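What you are looking at is a predicted structure, and each value in this text was computed from that prediction instead of being measured.
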Amino acid sequence: MGDPLIESMAEVRSHLADVIDRARRDETPTIITRRGKQEAIVIDIDEYVRLRQIAEDAEEAWLNQLADEAESEGMEGSVSLEEMAALLRDNPS
């Protein structure tokens, strides 16, 4: 993956197809700014899928660790792994 380019919303709007092609073909992400603030990023879909999988795997490992710790401390007042995952998804930090 190449170093990301930084472009304003107006710049990206004028050549969105090129930004998408660059992300896909060259694996170069583009950070989009609005009023000087970074707002979004355009990345290749395969990279997005890969990053999502990493995040999901990390979340699962973390939840498994929490479940193991809870099990070793006793079951009173504990919740299942599925209940914990639902709680975390419904109340993100």
Side-chain angles (χ1 to χ4, degrees):
M1 178 182 295
D3 289 336
L5 298 175
I6 300 174
E7 296 186 14
S8 71
M9 181 81 74
E11 291 170 325
V12 169
R13 192 178 297 127
S14 71
H15 66 106
L16 181 58
D18 293 333
V19 170
I20 293 169
D21 287 343
R22 185 172 52 218
R24 185 181 47 78
R25 182 185 57 245
D26 302 333
E27 297 181 356
T28 301
T30 300
I31 296 171
I32 302 170
T33 62
R34 183 174 17 199
R35 295 183 196 96
K37 182 181 174 201
Q38 294 181 355
E39 294 284 337
I41 187 162
V42 177
I43 60 173
D44 177 62
I45 190 68
D46 292 334
E47 181 67 5
Y48 171 77
V49 169
R50 186 184 75 80
L51 292 171
R52 279 295 300 252
Q53 188 63 54
I54 290 170
E56 288 173 10
D57 291 348
E59 179 183 35
E60 184 175 341
W62 179 68
L63 290 172
N64 286 332
Q65 180 182 352
L66 286 178
D68 290 345
E69 290 171 4
E71 186 175 312
S72 70
E73 293 174 3
M75 298 301 289
E76 189 174 322
S78 65
V79 296
S80 72
L81 181 59
E82 292 78 17
E83 291 170 319
M84 179 62 75
L87 285 170
L88 291 170
R89 287 189 184 104
D90 292 341
N91 299 307
S93 303

Q: Find out whether Leu88 and Leu63 are in side-chain contact, i.e. whether some heavy atom of one side chain is under 4.5 Å from a heavy atom of the other.
A: yes
Q | Sequence-distant partners of Glu56, salt bridge (charged side-chain N to carboxylate O under 4.0 Å, His left out), two or more places apart | A | Arg52
Q.
Taking side chain to side chain donor-acceptor pair (under 3.5 Å) as the cut-off, I'd like each qualifying pair that reaches into residues 27-46, sequence neighbours left out, listed once.
A. Arg22-Thr30
Q: Report the distance from atom CD of Glu7 to atom CG of Leu16, rounding to the nearest 0.5 Å.
A: 10.0 Å
Q | Where Glu11 and His15 come nearest, the two heavy atoms and their spacing | A | O-CD2, 2.7 Å
Q.
With a 4.5 Å cut-off on side-chain heavy-atom distances among I, L, V, M, F, W and Y, is there a chain of contacts connecting Tyr48 to Ile41?
A. yes
Q. Among the clusters formed by ILVMFWY side chains lying less than 4.5 Å apart, do Val19 and Ile31 turn up in the same one?
A. no
Q) Is there a path from Ile43 to Ile20 through hydrophobic residues (I, L, V, M, F, W, Y) whose side chains come within less than 4.5 Å of each other? A) no
Q: For atom CG of Asp57, decide whether the heavy atoms of other residues, nucleotides or ligands shown that lie under 6.0 angstrom number more than 12.
A: yes
Q.
Let me check something: do Val42 and Leu51 share a hydrophobic cluster, defined by ILVMFWY side-chain heavy atoms less than 4.5 Å apart, either directly or through other members?
A. no
(Q) For Arg24, give me all partners under salt bridge (charged side-chain N to carboxylate O under 4.0 Å, His left out), at least two apart in sequence or on another chain. (A) Asp21
